[in-house]
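Residue numbers start at 1 and run along the sequence shown.
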Amino acid sequence: MAHLLDHMNPAVAGLAGSKIREVANEGMLRPDTLAFWFGEPYEVTPEAIRSAAMASLSKGETFYSSNLGIPDLRLALARYLTTCHASLGVTPGTDQALADRIAITSAGVNALMLAAQSLLTPGDRVLAIVPLWPNLVEAAKLLGAQVERFPLQVNPLSNRWNLDIDKLLQALATRPKALVLNSPNNPTGWAASAHEMGAIVAACREYGVWLLSDEAYDRLHYGAGETFGRAPSALDYCLPDDPVIIANTFSKTWQMTGWRLGWLVLPEGLSEPVGKLIEFNTSCAPVFVQRAGMAALATGEAPIMSFVNTLAERRAFLIEALRSMPGVRLPEADGAMYAFFSIAGQTDSLRLAKSLVADHGLGLAPGIAFGSEAEGWLRWCYAKPIEMLEAGLQRLRAALQ
């Protein structure tokens, strides 16, 4: 076996295993474990979406589609995006122009990998705002890029996750090949403000730095006023020819994690080469899954906002309860679906997460899974019913005692 590994691509052989999955594998051996480790909604995909997929299968839509996706889905996505982000190069009346820049992918993670494959070559410098979902960093490393980490910090006065935008702009002035941005952020929940997102896009334009913006949680935002349910997006500020690639997914907003359907918004001129790249990866997303995506978009804003309101209630409940516990530190953040917290005196998050599973049946994600900056922290997905959250809180209280 060792001999065979010696002949593998070293980047593949050296890929780090998921520490979230490491905890989950142990927790699955205990039937009564309450699992909050994965980032997915508790509720099944809405019926209208499931019915559209079943109708497609009943009609026999089991064949290949275009590499870039069904034209009707690309146009529906363009209309959805122009409604959410009507500014600069994306305005009402330009739906078809935007649709031509959209590529449908087999999951959001596939969108991210396609973007990385499109941009990165061995030795490229990539700046990543961290802590960060590990796939984003490992994809760059797999392609031979050199990742430089730019950490978020907790402001001690406001107790909020904070991006030092001035230092980031200085770092962009050194002209790395790309900046990886996940906003709202997994695991912290931090989300770039409108000012920060605009400044980042402008700097990438000025310095010729590619921006890979992972916006999987863009609708899961709990800020005040117009930002509730709609986080600032790179699409709000970029022009059609800016070096910006935006990746997104149906998984979170429409509760479709298992469907594996995502998309990319590309600069003008990149759709054709990315379409060829899709051919070499997956050929295309399944037609019946794309029909489900069309049905999701057709349901409109009401179910999205209902879901966001539900998450906001669960979020408020969990955060208040966690902060009432001695030794728990939980900074403010406006987005995603996670409470990211630390416990005084606990510095080994993997060991802590495993002990919570083994001794109390409580399944949380260890911070170290998201990088060294997150060591000592735990991530709790609150996209679960309040009664399930309360049961998990009781187990954490018992552990702290």
| field | Residue of the set W377, Y382, Y217 for which ring-ring contact (aromatic ring centres under 6.0 Å, His included) holds with Y338 | value |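 For Y338, the ring-ring contact (aromatic ring centres under 6.0 Å, His included) check succeeds only for Y217.
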| said: Let's go through K384 and E43 carefully: what are the C-alpha distance in whole Å and the side-chain angles of both, what is the deciding distance for salt bridge (Lys or Arg N to Asp or Glu O under 4.0 Å) to 0.1 Å, and is it a yes or a no? | reply: CA-CA 8 Å; K384 313 292 180 183; E43 291 78 12; over 6 Å; no
Polar side-chain atom of [X] near backbone of [Y] as donor-acceptor pair, under 3.5 Å:
| X | Y | value |
| --- | --- | --- |
| R79 | A99 | no |
| K177 | L119 | yes |
| Y222 | A336 | yes |
| R175 | L172 | no |
| N281 | L277 | yes |
| S324 | A321 | yes |
| N182 | D214 | yes |
| N110 | A107 | no |
| S183 | A192 | yes |
| N155 | L157 | yes |

Return the minimal non-hydrogen interatomic distance between [X] and [Y], and the atom names on each side.
| X | Y | result |
| --- | --- | --- |
| I278 | C284 | CG2-N, 4.3 Å |
| P176 | V209 | O-CG2, 3.5 Å |
| G392 | L34 | N-CD1, 3.6 Å |
| T227 | H221 | O-ND1, 2.7 Å |
| C204 | P243 | O-CG, 3.7 Å |
| G123 | Q146 | O-CG, 4.2 Å |

| request: Can you establish whether the number of heavy atoms outside R351 located under 6.0 Å from its atom CZ is more than 12? | output: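 Open: at most 12 neighbouring heavy atoms sit under 6.0 Å from CZ of R351.
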| query | Heavy-atom count around Y42 OH within 6.0 Å, excluding the residue itself: above 12? | reply |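 12 or below, so no.
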| said: Pair V357, L362 - check side-chain contact (heavy atoms from CB on, under 4.5 Å), show working. | reply: CA-CA 5 Å; V357 164; L362 177 61; over 6 Å; no
Would you compute the distance between atom [atom1] of [X] and atom [atom2] of [Y] and round it to the nearest 0.5 angstrom?
| X | Y | atom1 | atom2 | value |
| --- | --- | --- | --- | --- |
| S66 | E279 | OG | CD | 10.0 Å |
| T105 | N248 | OG1 | CG | 9.5 Å |
| E196 | S193 | CD | OG | 3.5 Å |
| S233 | I246 | OG | CD1 | 4.5 Å |
| I129 | L168 | CD1 | CG | 5.0 Å |
| W263 | E215 | CH2 | CD | 9.0 Å |

| Pair T347, E375: side-chain N/O donor-acceptor within cut-off below 3.5 Å |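 Looking only at side-chain atoms, E375 and T347 do not form any donor-acceptor pair under 3.5 Å.
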| field | No-hydrogen, no-angle side-chain donor-acceptor test under 3.5 Å, N162 and Q153 | value |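 Looking only at side-chain atoms, Q153 and N162 do not form any donor-acceptor pair under 3.5 Å.
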| request: Could you walk me through whether Q96 and D100 pass side chain to side chain donor-acceptor pair (under 3.5 Å), step by step? | output: CA-CA 6 Å; Q96 188 57 59; D100 292 340; 3.0 Å; yes
| field | Full working for salt bridge (Lys or Arg N to Asp or Glu O under 4.0 Å) between E301 and R230 | value | CA-CA 11 Å; E301 282 291 296; R230 201 180 306 250; 3.5 Å; yes
| request: Check step by step if side-chain contact (heavy atoms from CB on, under 4.5 Å) holds for I104 and I70. | output: CA-CA 8 Å; I104 305 301; I70 297 172; over 6 Å; no
| request: Take W380 and L393, measure what side-chain contact (heavy atoms from CB on, under 4.5 Å) needs, and give me the verdict at the end. | output: CA-CA 11 Å; W380 185 321; L393 287 164; 4.1 Å; yes
| request: Might you work through the side chain to side chain donor-acceptor pair (under 3.5 Å) test for T121 and D124, ending with a clear yes or no? | output: CA-CA 6 Å; T121 57; D124 285 341; 2.9 Å; yes
| task | Could you give me the CA-CA distance, side-chain angles and deciding distance for Q255 and T45, then say whether side chain to side chain donor-acceptor pair (under 3.5 Å) is met? | result | CA-CA 5 Å; Q255 300 155 71; T45 304; over 6 Å; no
| Contact check, side chains of F370 and R379, non-hydrogen atoms, under 4.5 Å |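 In contact.
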| field | Sidechain N-carboxylate O distance under 4.0 Å for D218, K252 | value |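 Not counted as a salt bridge, because no side-chain N and carboxylate O are separated by less than 4.0 Å.
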| query | Charged N to carboxylate O below 4.0 Å: is that the case for R101 and E268? | reply |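 Salt bridge absent between R101 and E268.
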| task | Mind running side chain to side chain donor-acceptor pair (under 3.5 Å) on D95 and T82 for me, showing each step along the way? | result | CA-CA 7 Å; D95 295 339; T82 55; 3.0 Å; yes
| task | Evaluate the salt bridge (Lys or Arg N to Asp or Glu O under 4.0 Å) criterion for residues R74 and D72: first the C-alpha distance (whole Å), next the side-chain angles of each, then the deciding distance (0.1 Å), finally the verdict. | result | CA-CA 5 Å; R74 296 169 70 196; D72 286 348; over 6 Å; no
| request: Give the C-alpha distance, both sets of side-chain angles, the deciding distance and a yes or no for side-chain contact (heavy atoms from CB on, under 4.5 Å) between L114 and I245. | output: CA-CA 10 Å; L114 287 164; I245 295 180; over 6 Å; no
| message | Given E390, which partner from the list R395, R397, R314 fulfils the salt bridge (charged side-chain N to carboxylate O under 4.0 Å, His left out) test? | response |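 Of R395, R397, R314, salt bridge (charged side-chain N to carboxylate O under 4.0 Å, His left out) with E390 is met by R397 alone.
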